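Structure record follows, encoded as structure tokens.
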Amino acid sequence: MGLFGNIFGGNQTKEEKELPWIPLTAKDQLQKIQEESNSRPQIIFKHSTTCGISRMVLGMFTRQYALDETDAHLYFLDLHAHREVSNEVATVFQVIHQSPQMLVVKNGHVIFHASHGAISEVGLEQFL
């Protein structure tokens with residue numbers, strides 16, 4: 001929040017909230033995501049650990065995320081550690097790879113995806 005936030009009453013000690021991330025680390029998890037998307041939405045967040053924009057978008061996404069654990073499963077994909085999984089996501093869901101990127105999977109298919117700053121503008125509640 002910086003200097004002005006401190007002067008005007010900003011709360012610098014505010015902790016980042018923890019999201020119920022499920023690490024996406026293996027290609028075979030994609031079949032489970034497709035299957036479970038028949039009963040509740042599955043959200044995949046693809047993050048580049050070396051990209052400042054990706055880090056900024058992840059922070060905004062974390063602060064704005066308002067779904068409960070029972071509303072959707074939230075998967076986190078570290079692109080550098082699991083590039084082969086990212087490539088498989090693009091193939092299985094037929095979505096061109098971008099970073100950062102968020103995909104919403106419902107009934108086995110991607111029903112919405114966004115990248116970069118557009119991620120923070122999405123109201124995920126509309127996909128429940």
Side-chain angles (χ1 to χ4, degrees):
M1 199 169 289
L3 176 64
F4 292 110
N6 291 335
I7 292 172
F8 296 109
N11 185 358
Q12 192 170 5
T13 62
K14 181 181 176 184
E15 293 183 31
E16 284 291 318
K17 67 179 172 182
E18 291 289 323
L19 296 187
W21 294 115
I22 301 168
L24 180 51
T25 59
K27 292 188 236 180
D28 61 355
Q29 287 177 276
L30 299 180
Q31 182 177 355
K32 180 180 180 184
I33 289 171
Q34 285 180 302
E35 291 169 1
E36 291 188 355
S37 74
N38 292 316
S39 60
R40 75 174 99 175
Q42 307 293 296
I43 301 165
I44 299 172
F45 190 97
K46 295 168 60 178
H47 173 62
S48 171
T49 55
T50 60
C51 175
I53 292 172
S54 190
R55 189 171 26 262
M56 179 185 69
V57 170
L58 177 60
M60 290 187 309
F61 177 82
T62 300
R63 285 187 295 279
Q64 295 172 356
Y65 189 83
L67 300 183
D68 187 78
E69 287 184 52
T70 60
D71 293 330
H73 287 140
L74 183 61
Y75 287 87
F76 183 87
L77 175 56
D78 177 338
L79 297 173
H80 292 287
H82 304 287
R83 183 61 186 192
E84 73 287 351
V85 178
S86 178
N87 292 339
E88 191 70 9
V89 167
T91 300
V92 168
F93 295 114
Q94 299 182 0
V95 175
I96 295 173
H97 164 75
Q98 295 189 46
S99 169
Q101 186 174 41
M102 180 190 66
L103 295 82
V104 179
V105 182
K106 198 166 183 179
N107 298 321
H109 303 283
V110 170
I111 59 167
F112 179 82
H113 62 93
S115 65
H116 296 85
I119 292 171
S120 62
E121 298 170 8
V122 177
L124 291 172
E125 299 80 14
Q126 67 184 311
F127 302 113
L128 299 182

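Keep in mind the model is a prediction, meaning the values are calculated, not measured.
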Next on the checklist: With clusters defined by side-chain heavy atoms of hydrophobic residues (ILVMFWY) lying less than 4.5 Å apart, directly or transitively, does Ile53 cluster with Leu77?
Outcome noted: no
Checklist outcome for this item: What one should report as the nearest heavy-atom pair of Asn38 and Asn107 is OD1-CA, 3.2 Å
Next on the checklist: Within this structure, what is the NE2-OG distance for the pair His73 and Ser37, rounded to the nearest 0.5 Å?
Outcome noted: 11.0 Å
Item to check | Polar side-chain atom of Lys106 near backbone of Phe127 as donor-acceptor pair, under 3.5 Å | outcome: yes
Checklist outcome for this item: When rounded to the nearest 0.5 Å, the distance separating CG of Leu24 from CD of Glu88 is 10.5 Å
Checklist entry - Checking Gln29 side chain against Pro23 main chain: does a donor-acceptor pair fall under 3.5 Å? => result yes
Next on the checklist: Testing the basics here: between Ser86 and Leu79, what is the closest heavy-atom pair and its distance to 0.1 Å?
Outcome noted: OG-CD2, 3.3 Å
Item to check | Where at least one partner belongs to residues 110-122, residue pairs that pass side-chain hydrogen bond (donor to acceptor under 3.5 Å, both in side chains), sequence neighbours excluded | outcome: Gln98-Ser115
Next on the checklist: Contact between Leu58 and Ile119 at the side-chain level, heavy atoms closer than 4.5 Å - yes or no?
Outcome noted: no
Next on the checklist: Within the structure provided, determine whether Val85 and Thr25 are in side-chain contact (heavy-atom separation under 4.5 Å).
Outcome noted: no
Checklist entry - Between Asp68 and Thr70, what is the shortest heavy-atom contact and its length? => result OD2-OG1, 2.8 Å
Checklist entry - Could you give all pairs that pass the ring-ring contact (aromatic ring centres under 6.0 Å, His included) test and reach residues 78-97, with sequence neighbours left out? => result none
Checklist entry - Which pair of heavy atoms, one from Ser48 and one from Ser54, lies closest together, and at what distance? => result N-OG, 3.0 Å
Checklist entry - Just wondering, do Leu67 and Ile43 contact through their side chains at under 4.5 Å, heavy atoms? => result yes
Checklist entry - Donor-acceptor pair, Gln101 side chain versus Ile96 backbone, under 3.5 Å? => result yes
Item to check | Smallest separation among heavy atoms of Gly117 and Val57, with atom names | outcome: N-CG2, 4.1 Å
Checklist entry - Do the ring planes of His47 and Phe76 sit parallel (below 30°), tilted (30 to 60°) or perpendicular (above 60°)? => result tilted
Checklist entry - Do Leu103 and Tyr75 come close enough that some side-chain heavy atom pair is under 4.5 Å? => result no
Item to check | Ile33 CD1 to Gln42 CD distance, which is reported to the nearest 0.5 Å | outcome: 6.5 Å
Checklist entry - So with a 6.0 Å cut-off around CD of Gln31, is the heavy-atom count from everything else above 12? => result no
Item to check | Linked, directly or transitively: Leu30 and Trp21 (ILVMFWY side chains, under 4.5 Å) | outcome: no
Next on the checklist: Are there over 12 heavy-atom neighbours, none belonging to Leu128, within less than 6.0 Å of that residue's CG?
Outcome noted: yes
Checklist entry - Does any non-hydrogen side-chain atom of Val104 lie less than 4.5 Å from one of Val122? => result no
Next on the checklist: Test of understanding: clusters of I, L, V, M, F, W, Y form through side-chain heavy atoms closer than 4.5 Å, transitively. Do Phe112 and Val110 belong to the same one?
Outcome noted: no
Next on the checklist: Could you tell me if the side chain of Leu19 sits less than 4.5 Å from the side chain of Phe45, heavy atoms only?
Outcome noted: no
Item to check | Side-chain donor or acceptor of Gln94 paired with backbone N/O of Val92 under 3.5 Å | outcome: no
